[in-house]
A.B. asks: 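After the structure tokens below, expect a handful of questions from me.
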Amino acid sequence: MKISEIMESENGSKKYLLSASDSDLRKSVESTFFIHTEQHLPYLCISSQYGCAVGCIFCETGRQQPLGNMTTEQIVQQVLLCHEHLLRSEALGDSPSLNTILFAGMGEPMLNLKEISGAMAEFRKQTLAERITLTTVGIRHAGDKIYDLSLDMISISLHATTDEQRDMLIPSKAKFGIKDLLDHFSAYHHHKNVPVIVNYLMLKGINDSPEDLTRLKDLVDKDTFIIKLKYLNEVSDINGITLNPSEKMPAFAKALTEAGFRCMSDISDGTEIWGGCGQLKSQVRDIRSKYRIM
């Protein structure tokens, strides 16, 4: 791996473009460094695949043809190269390590758990971060393997309150259905004692109705999960249709909090350099041919 380009925002967030091959520029990934807004701690969001096989319609990576998994060595190199640059630029301040490494960049981590596990062991060995977290849509055939990872937190991408909605937003047939997703990660939480966050990306006119709010309250166990409402970052149009962020996030957050849920609202850093959630993409874009939009 090598760093091909670095972009920096006014608040110090950085986006790294890393290439695995000079002969195939499609095999490039992006990683984002940011200082957590509330905790003021350094985070590095990293990739695990070239493109993504899941195909989420709200994500630039998901709109690309998947080109396979990154190896353990490539994942480790990704972090080491970014970490070295951060140390040289004094972006980490007095700390020699990151607070958190997030497997939440390009790719679906549960489709590459063997290589991720090897990379995580190396991160621990080299003390590159205090915490390691992972974000997933939840892949059925890899469900039990998630227990083998030494994670400090895990986030699951729900984004819908019916399976029909979720199939439209996340078309992969390999994912859990909503009930099985929540049941599986409830069991995981109680067995591993690891916090589990339920991500809910609010999309105008798609999953932000009063009925969605009611179903969300009924689906999610307030004693098990933390709900994170997420704001849609700018992404390109799909077949001429524009996805829009919902203006109902404050109302959802208020209603959930008043109902006793642990709830947070999330707005990404680095969006002006296209480094926010859903904005990462390969250097050369091979776009999937079809999308199904509600």
A.B. asks: With sequence neighbours excluded, what pairs up with H159 under the ring-ring contact (aromatic ring centres under 6.0 Å, His included) test?
C.D. replies: F58
A.B. asks: Are S236 and E60 linked by a side-chain donor-acceptor pair shorter than 3.5 Å?
C.D. replies: yes
A.B. asks: With sequence neighbours excluded, tell me which residues meet ring-ring contact (aromatic ring centres under 6.0 Å, His included) with H36.
C.D. replies: Y43
A.B. asks: Hey, which of K15, K14, K281 is the one that makes salt bridge (Lys or Arg N to Asp or Glu O under 4.0 Å) with E30?
C.D. replies: K15
A.B. asks: Just jot down the salt bridge (Lys or Arg N to Asp or Glu O under 4.0 Å) partners of K228, sequence neighbours excluded, or say none.
C.D. replies: none
A.B. asks: Using atom types as modelled, flag every donor-acceptor pair under 3.5 Å from a side chain in residues 250-258 to any protein atom, sequence neighbours excluded.
C.D. replies:
{"from": "K254", "atom 1": "NZ", "to": "E258", "atom 2": "OE2", "distance (Å)": "2.7"}
{"from": "T257", "atom 1": "OG1", "to": "A253", "atom 2": "O", "distance (Å)": "2.8"}

A.B. asks: Specify the closest pair of heavy atoms between R131 and T100, including all atoms of both residues, with the distance to one decimal.
C.D. replies: NH1-OG1, 2.9 Å
A.B. asks: Compile the donor-acceptor pairs under 3.5 Å between side chains in residues 263-270 and protein atoms, sequence neighbours left out, one pair per line.
C.D. replies:
{"from": "D266", "atom 1": "OD2", "to": "K230", "atom 2": "NZ", "distance (Å)": "2.8"}
{"from": "S268", "atom 1": "OG", "to": "N233", "atom 2": "ND2", "distance (Å)": "3.1"}
{"from": "S268", "atom 1": "OG", "to": "C277", "atom 2": "N", "distance (Å)": "3.4"}
{"from": "D269", "atom 1": "OD2", "to": "T37", "atom 2": "OG1", "distance (Å)": "3.3"}

A.B. asks: Would you be so kind as to tabulate the donor-acceptor pairs closer than 3.5 Å made by side chains of residues 170-178, with sequence neighbours excluded?
C.D. replies:
{"from": "S172", "atom 1": "OG", "to": "A174", "atom 2": "N", "distance (Å)": "3.1"}
{"from": "K175", "atom 1": "NZ", "to": "D167", "atom 2": "OD1", "distance (Å)": "2.8"}
{"from": "K175", "atom 1": "NZ", "to": "I170", "atom 2": "O", "distance (Å)": "2.8"}
{"from": "K175", "atom 1": "NZ", "to": "S172", "atom 2": "O", "distance (Å)": "3.0"}

A.B. asks: Any salt bridge (charged side-chain N to carboxylate O under 4.0 Å, His left out) involving residues 211-227? Give me the pairs, sequence neighbours left out, ordered by first then second residue.
C.D. replies: D212-R215
A.B. asks: For residues 118-128, tabulate all N or O donor-acceptor pairs below 3.5 Å that involve a side-chain atom, not counting sequence neighbours.
C.D. replies:
{"from": "E122", "atom 1": "OE2", "to": "Q126", "atom 2": "NE2", "distance (Å)": "2.7"}
{"from": "R124", "atom 1": "NH1", "to": "D152", "atom 2": "OD2", "distance (Å)": "3.3"}
{"from": "R124", "atom 1": "NH2", "to": "S150", "atom 2": "O", "distance (Å)": "2.5"}
{"from": "R124", "atom 1": "NH2", "to": "D152", "atom 2": "OD2", "distance (Å)": "3.1"}

A.B. asks: For S117, which residues count as a side chain to side chain contact (heavy atoms under 4.5 Å, CB included) partner, sequence neighbours excluded?
C.D. replies: L149
A.B. asks: For T71, what residues pass the side chain to side chain contact (heavy atoms under 4.5 Å, CB included) criterion, not counting sequence neighbours?
C.D. replies: E73, Q74, E115
A.B. asks: Among residues at least two apart in sequence or on other chains, which ones pass ring-ring contact (aromatic ring centres under 6.0 Å, His included) with Y200?
C.D. replies: none
A.B. asks: Listed by chain and number, what are the ring-ring contact (aromatic ring centres under 6.0 Å, His included) partners of H191, not counting sequence neighbours?
C.D. replies: Y147
A.B. asks: Begin from the C-alpha positions of V198 and L182 and carry the test side-chain contact (heavy atoms from CB on, under 4.5 Å) through to its verdict.
C.D. replies: CA-CA 9 Å; V198 172; L182 295 171; 4.2 Å; yes
